[in-house]
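Not measured: the values here are computed from a predicted model.
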Amino acid sequence: TIKSNLGVDTSYADKVVAHEFKDGSNYITVPQSGTMWTQAPSNAKTTEFIDYLNRMDWWDDLALSYKATGNSKYLNELTTELGTFAKQETPLADWNKWREGKTWNQLDTAKRVENWMNAYYLLVRSPGWTGADNTLFLREMYFTGDFLNTSEPDQNTLNKRSAQGAGLMYIARGFPFAAAEQWKQTASDRIDEALSLGGQVSEFRADGFDREQSPGYGDVTTRLLVDQASLAHATGDDLSKAWRDRLMTILNASYQTLNPDGKTPAFGDSYRTYDMGIFSRASLVFGGAYAQTRPSATDVQYLWQYRHD
């Protein structure tokens, strides 16, 4: 583990460079292969391992480790992953066929957008980030936006509309694609549906609690929506007061379910994991604070300038 002058802990990024990825509470080695992103390895224990892999939640760790240490191994791993992903997860002729295969998933894709964009804005001005890297990244972002915009909301589950809308809004606000304005409208529609608390297609009950009764899924979608509030404020396209009030209802409902140590309760398909990060982010964006919150350095870097004063 390298402790840089910036205080960045590179241990997670080091594991990724060695191709050791989380599998529940353990790590397993996943070799580079032609099916790395589409087929779980035989040694994976959790049923959602391939979903976790496709979210690429370590990309900001790789980017921060590269920026902090200057060691090209972190950037090389990230750009290699981008290249292999582009080869293995090619765009579908009909985006609504995504349920029939192993590639593309609205929830995983939305989370990947968040992680990719966090990494991108750390790397885009770095000398090691080449024109070819940038072109491939923008190409994949366009395909991702097209997928999130075109694919119909999943009617079988109630935990994807907010993710679909938030992921698409990230791209529409972040990149000047020709379709950006239309993507914003689609994203706004999905978020509005998700935030119609207690509504027929809302993933949240009237009291703000996740309808699937899964704190883990509730955390994923709420984090995406909090970040959308910060981006809307930063771009002058503010969320309506009704949206903000509903989002605070959701946050407060989630907060009420936490154990005294700040961990999520173990019910639904959620593990007992420390969950105060989402409330730290919300405190930065909306002001105020929840007990036990202490924003991480990355939260401050990404969100402090976008807070609601």
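Scored by the salt bridge (Lys or Arg N to Asp or Glu O under 4.0 Å) test, Asp192 finds Arg246 as partners (sequence neighbours excluded). Remark: Thr130 pairs with Asp133 by the side chain to side chain donor-acceptor pair (under 3.5 Å) rule, at least two apart or across chains. Applying the side-chain contact (heavy atoms from CB on, under 4.5 Å) rule to Thr90 yields no partners; only residues at least two apart in sequence or on another chain are considered. In this structure Tyr12 satisfies the ring pair (Phe, Tyr, Trp, His ring centres under 6.0 Å) test with no other residue, sequence neighbours excluded. With sequence neighbours excluded, no residue forms a ring pair (Phe, Tyr, Trp, His ring centres under 6.0 Å) with Tyr27. Contacts of Tyr121 classified as ring pair (Phe, Tyr, Trp, His ring centres under 6.0 Å), with partners at least two apart in sequence or in another chain: none. Every residue two or more places apart in sequence or in another chain that forms a side-chain contact (heavy atoms from CB on, under 4.5 Å) with Gln182 is listed here: Asn149, Thr186. Listed by chain and residue number, Trp116 satisfy the ring pair (Phe, Tyr, Trp, His ring centres under 6.0 Å) test with Trp59 (two or more places apart in sequence, or in another chain). With sequence neighbours excluded, the residues satisfying side-chain contact (heavy atoms from CB on, under 4.5 Å) with Asn134 are Tyr120, Val124, Trp129, Leu138. Every residue two or more places apart in sequence or in another chain that forms a side-chain contact (heavy atoms from CB on, under 4.5 Å) with Thr29 is listed here: Glu20.
Side chains of Arg173 and Gln228: a donor-acceptor N/O pair is present below 3.5 angstrom, by distance only. A donor atom on one side chain and an acceptor atom on the other are not found under 3.5 Å apart for Thr35 and Gln88. For the residue pair Thr84 / Trp37, a side-chain donor-acceptor distance below 3.5 Å is found, with atom types taken as modelled. Between the side chains of Tyr52 and Asp23, no donor N or O sits under 3.5 Å from an acceptor N or O. Side-chain polar atoms of Tyr74 and Asp61 form no donor-acceptor pair below 3.5 angstrom. A donor-acceptor pair shorter than 3.5 Å cannot be found between the side chains of Thr38 and Glu89.
Between His19 and Phe21, the ring planes are perpendicular. Angles over 60° get that label, and only those under 30° would be called parallel.
The main-chain N or O of Ser202 is found under 3.5 Å from a side-chain atom of Arg211 such that the two form a donor-acceptor pair. Judged purely by atom type and a 3.5 angstrom limit, Ser196 uses its side chain to pair as donor or acceptor with the backbone of Glu193. Here the side chain of Gln106 pairs no donor or acceptor atom with the backbone of Gln164 at under 3.5 angstrom.
In this structure, Met56 CE and Glu81 CD are separated by 6.0 Å, a value rounded to the nearest 0.5 Å. With values rounded to the nearest 0.5 angstrom, Glu77 atom CD is found 11.5 Å from Ser65 atom OG.
Between Trp183 and Ala172 the shortest heavy-atom distance is CB-CB, 3.9 Å. Nearest heavy atoms, Leu78 versus Ala119: CD1-CB, 4.1 Å. Across all their heavy atoms, Asn115 and Asp57 have their closest contact at ND2-CA, 3.2 Å. Nearest approach of Ala163 to Leu107, heavy atoms of both residues: CB-CD1, 3.5 Å.
Legend: salt bridge (Lys or Arg N to Asp or Glu O under 4.0 Å) pairs involving residues 108-125, not counting sequence neighbours, sorted by first then second residue: Arg55-Asp108, Lys111-Glu114, Glu114-Arg281. Every pair passing salt bridge (Lys or Arg N to Asp or Glu O under 4.0 Å) that includes a residue from residues 175-189 is listed here, sequence neighbours excluded: Glu181-Lys184.
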